[in-house]
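Quantities reported herein were computed from a predicted structural model and do not represent experimental measurements.
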Amino acid sequence: MKCKVSGKKITPFMSFGKMPMANGFLDKEEFKDEFFYELEVGFSEDNFLFQVNDHPKSNKIFNDKYPFYTHKSTYMTNHFRDYFNWIKKNFITNKSKVIEIGSNDGTFLKNFKNNNIEHIGFEPSKNVASLSKQSGINVLNEFFNYKNASNLKNFKKKTDIICAANVICHVPDLVDLIKGIDVLLSRDGIFVFEEPYLGSMLKKISYDQIYDAHVFMFSILSVRKVFQKFDFELIDAHPQITHGGSMRYVVGRKNTKRISPKIESLLREEVNMNMDSLDAYIKFKKKCELSRENFKKKILAYKDQKKRICGYAASAKSSTVLNYSKIGSETIDFIADSTEEKIGKFSPGMHIPIVSIDEFRKQKPDVAILFAWNHKNEILEKEKKFSKEGGIWTSHVSEL
Ligand code: SAH
């Protein structure tokens, strides 16, 4: 295994075993040809970078049927409104040029459009890109990379803000992405992005953050180190509660901005957690194994009590949990989800039937495993009736 930034050899510290495509929902006839790869993870001590080894190619994951729509979560829609207001307050002028990487269905960019700010989104998944086009958002149905960024003549060295959320961790060629940012960003421009935070994953043992699309799990240590190599500087960082714990990073060109003193204290916290050393990750591996055992025991105990068990939200994250724990349709009757593309299909690898949320309400199972534990408040509010009637929520993380 090689570090995706330095190219230096690293030794994977753990394997989650053979994994299917995390969003590879399939029909029965497709079971026999299902694609699997080994999900190994490693830590580059040079760059403090937590990364997966092998992974499917990006165009296998992000194509014309990407089954994730930001707008489905009201909580995230509100979060993006607040994220926009924060950018507006701190960085925007009425002449600003803005680019979003991974603009999905346009939930975030809609705020820029409604404020008449010049913007372009890069979104390779056609289904979600088309949806954003319908609401009048400027979007290129392309991957953000150096080549495609270089084609944007009017934005070259003129872009004031490049923003992103939950996508930089999806881009295996981080060096090429940074070159793309370099070609577009103005001298005083900023690159702001928020991603699931490695520190939160280590604390919560939320190993389900690791799946094919999540090639990296970032930390302040890693973002600072990697961007430094390309004459950028981490100038600020803000912890977020979204997606089970995320971090918003603000990066500028070297020596152009004041560096927030907050960074030092956040770095100290990471060093106190040993996040700069392989030891922390070897410990994490042991905790994952223990978490898997405890989760299996808990679910099998419900099964022994003859309880009807289902999953709630067929998220990409659920794929890691189920395939790593080897829990399938012998234990879980179905997984309920609101995404049209998934309903009627089977979950990747473990082949559990996916049904609608209406079906979940009709079937009234005894136990629901909340795979979207990161949307806990929103879902528990929506499914109050299930809890009221004695339904049990559980999860592999201790959030519930
Ligand atoms: N930013 C949204 C969507 C996150 S999902 C949110 O936080 O809710 C990640 C999105 O990034 C997907 O829509 C995917 O198609 C897109 N994506 C993946 N790789 C990309 C790349 N290299 N450039 C631009 N977008 C990419």
Using a strict 4.0 Å threshold on nitrogen-to-oxygen distance, state whether [X] and [Y] make a salt bridge.
X	Y	answer
Asp182	Lys157	yes
Glu378	Lys382	no
Lys296	Glu293	no

Decide if the gap between the ring center of His243 and the ring center of Tyr197 is smaller than 6.0 angstrom.
no
Under 6.0 Å between ring centres, would you say that holds for Phe43 and Phe50?
no
Ignoring hydrogens and angles, tell me if any N or O in the side chain of Asn127 forms a donor-acceptor pair with the backbone of Tyr66 under 3.5 Å.
yes
Does Arg248 count as lying over the ring of Phe193, i.e. NZ or CZ under 6.0 Å from the six-ring centre, within 45 degrees of the axis?
no
Just wondering, more than 12 heavy atoms not from Lys133 lying within 6.0 Å of its NZ?
yes
Check the surroundings of atom NZ in Lys110: do more than 12 heavy atoms from other residues, nucleotides or ligands lie under 6.0 Å from it?
no
Check the orientation of [X] and [Y]. Use parallel for under 30°, tilted for 30 to 60°, and perpendicular for over 60°.
X	Y	value
Tyr69	His71	perpendicular
Phe108	Tyr83	parallel
Trp393	Tyr312	perpendicular

Which atom of Arg253 lies closest to which atom of Ile181, heavy atoms considered:
NH2-O, 4.4 Å
Would you tell me whether [X] and [Y] have side-chain atoms, one donor and one acceptor, within less than 3.5 Å of each other?
X	Y	result
Glu123	Ser132	no
Asn377	His375	no
Thr107	Asp105	yes
Lys72	Thr339	no

